[in-house]
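These notes concern the structure reproduced below.
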There are 2 protein chains.
Amino acid sequence: MENFDTVSLSFCGGTHDHKNCVTTALDEAEQLCISRGVRLTDARKRVLELVWESHHPIGAYDVLSKLSQESGKTAPPTVYRALDFLLEQGLIHRIESLNAFVGCSHPAEEHSGLFLICKDCGCAAEVHDATIDKAILEKTDTLGFKAEQRMLEVRGLCPDCTA
Amino acid sequence: MENFDTVSLSFCGGTHDHKNCVTTALDEAEQLCISRGVRLTDARKRVLELVWESHHPIGAYDVLSKLSQESGKTAPPTVYRALDFLLEQGLIHRIESLNAFVGCSHPAEEHSGLFLICKDCGCAAEVHDATIDKAILEKTDTLGFKAEQRMLEVRGLCPDCTA
DNA sequence: TTTAATTTTGTTATGTTATAACATTTACAA
DNA sequence: TTGTAAATGTTATAACATAACAAAATTAAA
């Protein structure tokens with residue numbers, strides 16, 4: 001998990017070749033699914049691509065409308081099934097406070113990120129921090145609560161929008 | 001903020017007189033609204049009471065149906081307006097991952113809690129931890145992200161359901 | 001390689017959560 | 001007491017999500 005903190009941090013201002021990100025993510029997803037013996041079908045792959053192509057967290061119905069544009073009438077279950085699969089495989093994350101989805105840039109390892117959501121530009125960055133993880137784990141352990149899944153989202157202003 | 005950690009922690013198994021909790025919460029809300037110069041109208045107070053009376057996080061439409069039962073036909077905006085007011089005043093919290101609401105037992109002070117949600121019994125406990133708060137704050141600061149609002153929810157099994 | 005079982009996708013309908021827009025009433029202060 | 005602002009009522013609709021069952025595609029087994 002080398003440089004785990006920074007790899008997934010990319011506010012909107014960061015100038016990077018996003019097309020490259022998408023390709024990399026798709027390739028990695030492909031490999032991962034093969035190694036896990038699950039099927040990254042065309043539909044699933046296309047949804048993953050659409051999520052990645054979006055520079056912001058994207059809602060299910062936005063995915064749906066893009067899908068409908070290119071493939072003709074598509075129904076909600078098509079999208080939700082694909083999203084569910086991608087979530088299960090850790091290929092995307094769901095931002096609860098937005099009802100929206102973002103690509104995950106390190107799907108190989110289990111993790112719960114911290115999502116920084118800019119209320120101004122709408123971008124979301126996934127970051128990780130061992131200190132936070134530890135603090136939460138210790139707290140739940142102390143209380144005898146068996147944690148399984150965690151959601152941590154912070155709204156505010158990203159560096160680009162503060163400036 | 002004496003004993004802040006434990007006051008708001010009450011999993012379902014905890015045997016306490018919940019009716020008492022409700023009364024206390026309503027009284028405190030009343031006082032708080034007076035001191036803030038905002039109006040805790042009958043509608044708002046009744047919604048707060050309904051939220052508190054529920055032993056689990058309660059959805060807006062559950063509040064709505066209870067309200068309709070006792071007051072005749074009621075429309076969604078009535079409930080959402082009351083909920084919005086209560087959220088603004090910190091009298092309730094919204095659990096994002098459940099689209100549901102819980103009463104807040106210490107509305108006088110600004111805070112962001114950690115919600116422990118039992119996937120078995122459905123109860124939700126609000127806890128606080130300075131170490132977690134600090135870790136998150138330090139992380140966001142380091143990244144130059146100006147945090148304004150935070151949600152932290154953990155799904156798992158509460159002590160009563162693990163046993 | 002045909003068949004059977006399983007997984008994935010298509011389709012229709014509906015359930016659930018939330019808000020926009022505008023009319024009416026209520027509270028309170030000038 | 002009347003003007004103003006806040007709160008509520010009302011209708012309609014937007015936004016998010018899933019149930020249920022049919023059809024097709026994939027895979028494994030015979």
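Chain identifiers are assigned alphabetically (A, B, ...) following the order of the sequence lines, protein sequences preceding nucleic acid strands; residue numbering begins at 1 within each chain. Small disclaimer: the values here were computed from a predicted structure and weren't measured.
Here ring pair (Phe, Tyr, Trp, His ring centres under 6.0 Å) pairs that include residues 46-99 of chain A, with residues two or more places apart or in two chains, are A/His18-A/His55, A/His93-A/His111, A/His93-A/Phe115.
Non-hydrogen atoms lying under 4.0 Å from DNA chain D are contributed by nothing in residues 91-103 of chain B. Only B/Pro76, B/Pro77, B/Tyr80, B/Arg81, listed by number, bring a heavy atom of residues 74-88 of chain B to less than 4.0 angstrom from any atom of DNA chain C. A heavy atom closer than 4.0 Å to some atom of DNA chain C occurs in B/Tyr61, these being the qualifying members of residues 45-71 of chain B.
Applying the side-chain hydrogen bond (donor to acceptor under 3.5 Å, both in side chains) rule to B/Arg36 yields the partners B/Gln89; only residues at least two apart in sequence or on another chain are considered. In terms of the salt bridge (charged side-chain N to carboxylate O under 4.0 Å, His left out) criterion, B/Arg44 has no residue partners (sequence neighbours excluded). Judged as a salt bridge (charged side-chain N to carboxylate O under 4.0 Å, His left out), and not counting sequence neighbours, B/Glu153 has no contacts. A/Asp133 pairs by the salt bridge (charged side-chain N to carboxylate O under 4.0 Å, His left out) definition with A/Arg150, not counting sequence neighbours.
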List, with names and distances, any nitrogen or oxygen atoms from the protein found under 3.5 Å away from nitrogen or oxygen atoms belonging to nucleotides 4-6 of chain C.
none

Table of protein N/O atoms under 3.5 Å from nucleotides 27-30 of chain C N/O atoms:
none

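Taking 4.0 Å as the cutoff to heavy atoms of chain B, we find the contact window on DNA chain D bounded by D/dA7 to D/dT11.
Counting side-chain heavy-atom gaps under 4.5 Å among Ile, Leu, Val, Met, Phe, Trp and Tyr, the cluster of A/Met151 also holds B/Met151.
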